[in-house]
Structure formats: C-alpha cells, structure tokens
There are 2 protein chains.
Amino acid sequence: MARQPKIPETSADERRDAYHHGDLKRALTHAALALVQEKGPKGFTLREVARRAGVSVAAPYRHFADKAQLLAAVATQGFVQLHETLSAIAAEPADLTKQVLDLGRAYVRWAVTHPDYYQVMFGSELDKNDPDLLTAGSRAFDELLGAIVRCQRARLLSDGDPREIAGPTWSLLHGIASLTIGRDLNHVGIRDDPQALAERALRALLFA
Amino acid sequence: MARQPKIPETSADERRDAYHHGDLKRALTHAALALVQEKGPKGFTLREVARRAGVSVAAPYRHFADKAQLLAAVATQGFVQLHETLSAIAAEPADLTKQVLDLGRAYVRWAVTHPDYYQVMFGSELDKNDPDLLTAGSRAFDELLGAIVRCQRARLLSDGDPREIAGPTWSLLHGIASLTIGRDLNHVGIRDDPQALAERALRALLFA
DNA sequence: ACCTGAACACCGTTCAAGT
DNA sequence: ACCTGAACACCGTTCAAGT
C-alpha cells in the first residue's frame with residue numbers, strides 16, 4: 001500500500017490537543033494558579049495540577065524540575081500582579097508623600113485580598129532561586145524604591161542609599177500583611193483595618 | 001489454678017517502657033522539636049516523629065488530633081523560648097528607650113538563630129487555635145507591650161492604647177525576621193545585619 | 001520531542017484488635 | 001486506657017516505553 005501524501009506538518013500538529021503544541025507549560029501554570037486560589041497552598045498538589053491540565057502525572061516534569069519550581073511560577077505571577085497594582089499607583093500624579101502611603105496601602109490590600117498567592121510567594125516551599133521569580137520580585141520592589149528616591153529628591157526623605165529606607169519600609173508592610181493573613185494581630189487584640197494600620201505606621205516610620 | 005497475688009499496680013506500670021507512663025505526649029513533643037531543627041519544617045513528618053519516639057504510627061493520635069496540633073505544640077515551645085529571651089531583657093535595669101531597642105534586637109536575633117521554629121510558629125500548617133499556643137504567643141507579645149507601656153508612663157512614647165504602637169512594632173520586627181530568614185532582603189540587595197536594621201528602624205518608627 | 005503507564009518510596013489518618 | 005497492625009487514599013518523583 002502506497003503511503004498517503006503527508007498533510008502539512010503544522011496542520012497535523014494543530015489537530016492535536018492544545019496542550020501538545022508546546023504550551024503545556026502555560027496550561028500547567030494556569031491550572032496551578034487556579035488551584036492555589038481554590039484550595040490554598042496546603043491543598044496544592046502536582047498531581048491535581050496535572051489532572052486539571054488533562055495530562056499524566058509525569059508530564060509536568062518535562063516543564064518543571066519539581067513542585068518547588070511550579071510554585072515559583074505561581075509566585076512569579078503573583079509578583080507580576082503585585083507589580084501591576086503598585087505601578088498603577090506610582091503612575092498617578094499625586095503628592096509624593098501620599099504616593100508612598102498609597103503604595104503601602106495598596107501592597108497590604110493586595111496581600112490580604114490574595115492571601116494564597118501571598119503565602120506561596122513568601123513560603124518556604126517554592127524554589128527561591130528561580131530566575132523569573134527573582135526578577136519579578138525585584139521589579140515589584142523597585143516600584144517602592146522609585147517612590148522613595150523621588151521623595152529623597154524632593155527632600156521629603158533623608159539622602160543616602162534608598163535601600164536603607166526601603167528595607168524597613170518593605171519589612172513593615174510585609175509584617176502587617178503576613179500577621180494579618182495569619183490572624184496573629186487579631187489574636188493579640190489588634191483589630192485595626194490593615195490598610196489604616198499601614199498608613200499610620202508608614203507615616204511614623206518615614207515622615208515623623 | 002489459683003491466681004497469683006497481684007504485684008502492686010504502680011510497680012507493674014513502672015516496669016513498662018518509659019513512654020507508656022503517660023508521658024508519650026511529652027516524648028513526642030520532644031522528638032518533634034528535635035526533628036524540626038534537624039530537617040526543617042518541610043522534612044517534618046508525623047511518622048518520623050513516631051519512629052523516633054519508638055511507637056507505632058498510630059500512637060500519636062492518642063495525644064494529638066492531627067499533625068497541625070503537634071506542630072502547634074512545637075510552636076508553643078518556640079513562643080516559650082522567645083518569651084524567656086525577651087523577659088530576660090525586660091528584667092535588666094536599663095534606659096527605657098534602650099530596653100525597647102534591645103527587645104527588638106533580641107526578637108530578631110532569636111528568629112534568625114531559630115529559623116525552623118520561627119517558620120513553624122508563623123507558618124500555615126499548624127493549628128492556630130490551639131489554646132496553649134495562643135497563651136504562649138500572647139505572653140511573648142505582652143513583653144513587648146509592657147515595655148511600651150513603661151515608655152508611655154515616662155512620656156517617651158505618646159499616650160493611648162499601647163496596642164496601637166505595639167502592632168506596628170511587632171509587624172516591623174516580624175517583617176525583618178521573616179524577610180531575613182527567607183533571604184528576600186538579600187535578593188534585593190539589602191545585606192545589613194538584621195539586628196542593626198531592627199534597631200535603626202525601631203528608632204525611626206518610635207523615637208523619631 | 002513530548003507524553004504515558006506503571007512503579008517506588010513515601011505520606012496522614014483510621015480502626016479493629018490486642019494488652 | 002493506651003498502643004499496635006494493617007489498611008486506605010493519597011503524595012512527589014522516576015523511568016522505560018510509546019508515538
């Protein structure tokens with residue numbers, strides 16, 4: 001029997017399931033993001049992600065070295081979202097002092113409205129050395145750094161390495177976010193709105 | 001056959017393995033503390049704890065409802081240790097301002113020298129509603145609260161609910177501790193000694 | 001090149017049964 | 001009352017084999 005002439009290869013590929021085109025990686029990340037939001041970081045399993053993407057349990061290992069690397073992809077998307085939120089605020093024309101306070105409030109708001117992402121981003125189960133994660137994290141931090149530099153130029157903050165100011169600032173915001181998500185502030189009788197708490201604390205830390 | 005007269009019951013109990021006296025709970029907690037320090041929070045398993053205590057995998061369930069409750073016991077011991085560290089500082093006669101700064105430095109020092117405990121204490125895997133955990137946590141927090149109240153009485157800090165000052169203070173310290181343990185500050189180019197960072201930031205937040 | 005099937009070495013948790 | 005043995009329903013990860 002003579003072989004049928006081959007249908008053009010790209011077309012053949014296209015008739016397969018979407019995931020076989022080489023974007024299974026994207027599909028897995030997408031499924032992972034949804035799963036983290038649905039079940040939280042504790043209910044997150046590689047097998048369930050594979051199930052949702054409609055592939056075998058071994059398939060993800062073609063695209064991610066291990067679970068920690070898939071979680072890093074989730075965290076990266078988290079930092080991208082956080083960065084977008086912050087850069088939208090940095091783009092608004094506003095009093096420089098107010099801008100820093102707004103950034104702080106936006107940071108905390110994003111964290112408490114995305115507690116699952118936030119826990120993954122700062123948890124100990126993800127691959128902290130993932131290059132994409134590092135750059136996404138740095139970019140979000142740079143938004144804070146930029147606002148501080150602008151305040152320094154306007155003499156609203158003392159001169160010197162802006163990191164010396166950004167370090168405590170980020171620590172304060174992360175502390176408020178993380179103790180709020182963990183309900184730790186609640187447990188010791190602090191029931192303030194975390195955004196208000198952030199604004200007051202930032203004022204004291206930076207502009208007292 | 002006549003039954004032998006019973007040997008005194010306490011004596012009979014004492015001849016068994018030590019764990020069968022009713023202190024298996026303590027033995028399990030002890031093993032758990034050691035395991036967390038050896039393998040970190042990720043390598044911590046209930047089965048390994050049981051193995052180290054020399055009992056079956058089901059035995060721990062007589063004393064702890066689940067893994068989250070055993071982790072709460074570990075966290076409780078962590079807060080007890082942290083409390084001891086802080087109360088030793090609060091007991092020293094010193095300038096009240098210096099005492100608050102010293103408390104902050106001690107908090108951060110304890111955290112970064114016990115990263116595994118610290119991650120369990122503020123992680124999402126433990127039972128946060130455990131009563132012992134709640135009181136141990138509150139006691140540690142009260143040490144900070146007390147120092148703030150003393151500063152208020154000496155007019156070194158503004159009057160009002162001390163929690164309004166303690167909240168941001170704890171958040172700042174927790175943020176520094178947690179971002180240091182996670183190497184996040186490092187990744188954005190902040191390589192300061194966390195204790196020095198804590199002191200500087202506390203000065204700015206409280207005594208600027 | 002990319003995915004599947006099947007296996008390996010683990011988990012947390014439950015429960016009848018032993019003492 | 002307290003613990004064991006054995007099971008159940010999962011995990012993450014690996015690897016030969018398929019296409």
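Quick note on labels: first sequence line is chain A, next is B, and so on, each numbered from 1.
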Carboxylate-amine/guanidinium proximity below 4.0 Å for A:Arg139 and A:Glu143
no
Between A:Ser138 and B:His187: side-chain donor-acceptor atoms closer than 3.5 Å:
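Short answer, no.
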Is there a donor-acceptor pair under 3.5 Å between the side chain of A:Asp192 and the backbone N or O of A:Pro194?
no
Have B:Trp110 and B:Tyr117 got a donor and an acceptor in their side chains that come within less than 3.5 Å?
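Judged by distance alone, the side chains do not pair up.
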Give a yes or no on whether the backbone of B:Asn129 and the side-chain of B:Asp127 come within a donor-acceptor separation of less than 3.5 Å.
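Answer holds: yes.
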Those residues at least two apart in sequence (or on a different chain) that pass side-chain contact (heavy atoms from CB on, under 4.5 Å) with A:Gln152 are A:Ile148, A:Val149, A:Leu157, A:Asp159, A:Pro162, A:Ile165
Between C:dC15 (P) and B:Arg62 (CZ): distance, integer Å:
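These atoms are roughly 11 Å apart.
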Among residues 36-43 of chain B, which ones have heavy-atom contacts with DNA chain C below 4.0 Å?
none
Which value, rounded to the nearest 0.5 Å, describes the distance between A:Leu197 atom CG and A:Leu185 atom CG?
6.5 Å
Consecutive-pair stems (at least three Watson-Crick or G-U pairs, under 3.5 Å) that include DNA chain D:
C:4-8 with D:12-16, C:12-16 with D:4-8
Identify every side-chain donor-acceptor pair in residues 69-78 of chain A under 3.5 Å, counting partners at least two apart or on other chains, and give the distances.
from	atom 1	to	atom 2	distance (Å)
A:Gln69	OE1	A:Ala65	N	3.1
A:Thr76	OG1	A:Ala72	O	2.7
A:Thr76	OG1	A:Leu133	N	3.4

So does A:His63 get a side-chain nitrogen or oxygen closer than 4.0 Å to the phosphate oxygens (OP1/OP2) of C:dC3?
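Yes, within the criterion.
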Keeping to residues at least two apart or across chains, list the ring-ring contact (aromatic ring centres under 6.0 Å, His included) pairs with something in residues 68-90 of chain A.
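Listed by first then second residue: A:Phe79-A:Phe122.
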Would the distance check show the side chain of A:Arg191 and the main-chain N or O of A:Asn186 forming a donor-acceptor pair, the cut-off being under 3.5 Å?
yes
Interface polar pairs with nucleotides 11-14 of chain C, N/O, under 3.5 angstrom:
from	atom 1	to	atom 2	distance (Å)
C:dC11	OP2	B:Arg51	NH2	3.1
C:dG12	OP1	B:Leu46	N	2.9
C:dG12	OP2	B:Leu46	N	3.2
C:dG12	OP2	B:Arg47	N	3.1
C:dG12	N7	B:Arg47	NH1	2.4
C:dG12	O6	B:Arg47	NH1	3.0
C:dT13	OP2	B:Tyr61	OH	3.0
C:dT13	OP2	B:Lys67	N	3.0
C:dT13	O5'	B:Tyr61	OH	3.2
C:dT13	O4	B:Arg47	NH1	3.4

